[in-house]
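Structure record follows, encoded as structure tokens.
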Amino acid sequence: MELLQKINIDYLPNHLAIIMDGNGRWAKQKGMLRALGHENGTKSVRTTVEACAKLGIKNLTLYAFSTENWNRPKLEVDTLMKLLVSSLKKEIKTLQSNNIKLNAIGNLTNLPDSVQKELLEVINKTAENTRMTLTLALSYGSREELIQAVKKISNKVKNNIISEEAIDESIINQHLYTHNLPDVDLVIRTSGEHRISNFLLWQIAYAEFYFTNVLWPDFSENDLYESIISYQKRERRFGKTSEQIIPEKNV
């Protein structure tokens with residue numbers, strides 16, 4: 001409660017993105033199978049989603065499964081896919097009771113049919129919710145996203161739908177998976193790693209970063225609050241000097 005009181009609700013990140021890292025190491029430290037680490041990680045997902053909704057954060061994106069994750073051992077991938085289906089079924093009540101809309105980005109056609117079916121069902125059921133948009137990055141890779149955007153734009157130029165001169169940031173944004181989301185304000189990465197891992201490379205151009213040594217299954221509501229407090233103490237200049245910026249309502 002003390003940390004919560006330190007947060008300025010008038011200066012929250014509009015879009016928070018989290019690289020949920022450390023499930024495997026958490027399980028290894030406890031002598032468990034990696035699958036149990038992923039299973040325990042879902043508890044942190046629920047805690048974080050509910051806490052963000054309570055704070056008033058409008059957009060939360062979670063890096064759930066990357067394009068590179070397909071290269072992991074088949075047993076682990078299969079377990080993750082089954083866990084995803086069961087989690088979606090289990091959490092639909094949480095999403096509805098908190099008025100949260102589910103969104104998904106990535107090469108979703110690569111996901112198993114069972115995952116695609118459950119994902120689409122939850123997306124449709126929560127489509128009218130307005131409190132917060134929760135986006136799951138699944139089979140997601142930012143480089144692949146940018147390649148697909150370039151191909152789509154090139155095809156439109158080729159067919160005289162848009163001119164080459166018209167291509168700007170707005171046009172590129174319209175052709176990304178995240179076309180319906182604002183730029184990211186804050187990126188959190190757990191487990192002590194300091195990498196972006198092919199995550200939202202275009203969208204995090206001016207995001208703030210917060211790295212914590214906490215493994216994802218141990219990530220708590222207070223850990224989230226600490227990241228928000230750190231964000232609120234920073235001066236976001238967007239390429240300008242301090243003197244050019246109208247002071248924000250920092251903590």
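Keep in mind that this is a model prediction, so the values were computed, not measured. Hydrogens, waters and symmetry mates are skipped; everything else that's a heavy atom, side chains included, is used.
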Report task. Go through Lys89 and Glu121 one step at a time and tell me if the salt bridge (charged side-chain N to carboxylate O under 4.0 Å, His left out) criterion holds. Result -> CA-CA 9 Å; Lys89 289 180 177 178; Glu121 186 173 333; over 6 Å; no

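- A donor and an acceptor atom, one from each side chain of Gln203 and Thr178, are located under 3.5 Å apart.
- The minimum heavy-atom distance linking Asp21 with Glu193 is given by the pair OD2-CG, 3.3 Å.
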Query raised in the report: Are Tyr210 and Tyr231 close enough, and set up right, to give a side chain to side chain contact (heavy atoms under 4.5 Å, CB included), and what steps lead you there?
Result: CA-CA 8 Å; Tyr210 182 85; Tyr231 167 83; over 6 Å; no

Report task. Please lay out, stage by stage, how Asp78 and Lys74 fare under the test salt bridge (charged side-chain N to carboxylate O under 4.0 Å, His left out). Result -> CA-CA 6 Å; Asp78 289 345; Lys74 185 178 184 302; 2.7 Å; yes

Report task. List the steps and the verdict of side chain to side chain donor-acceptor pair (under 3.5 Å) for Asn129 and Thr126. Result -> CA-CA 5 Å; Asn129 292 346; Thr126 62; 4.9 Å; no

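- When only modelled atom types and interatomic distance are considered, Asp183 and Trp202 share no side-chain donor-acceptor pair under 3.5 Å.
- Looking at Thr61 and Ile18, their side chains never come closer than 4.5 Å, going by heavy atoms from C-beta outward.
- Closest non-hydrogen pair, Asn69 versus Ser66, comes out as OD1-N, 2.9 Å.
- Atom CD1 of Ile9 has 12 or fewer heavy atoms from other residues, nucleotides or ligands within 6.0 Å.
- The number of heavy-atom neighbours closer than 6.0 Å to CG of Asn124, taken from other residues, nucleotides and ligands shown, is above 12.
- Looking at every heavy atom in both residues, Thr130 comes nearest to Glu128 through CG2-O, 3.4 Å.
- Side chain to side chain, Ser230 and Glu226 fail the donor-acceptor criterion of an N or O pair below 3.5 Å.
- In this model, no donor atom of one side chain and acceptor atom of the other lie less than 3.5 Å apart for Gln148 and His175.
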Query - Phe219 vs Thr48, side chain to side chain contact (heavy atoms under 4.5 Å, CB included): CA-CA, chis, key distance, verdict - result: CA-CA 8 Å; Phe219 191 79; Thr48 301; 3.6 Å; yes

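- Judged by distance alone, the side chains of His38 and Asn23 do bring a donor and an acceptor atom under 3.5 Å apart.
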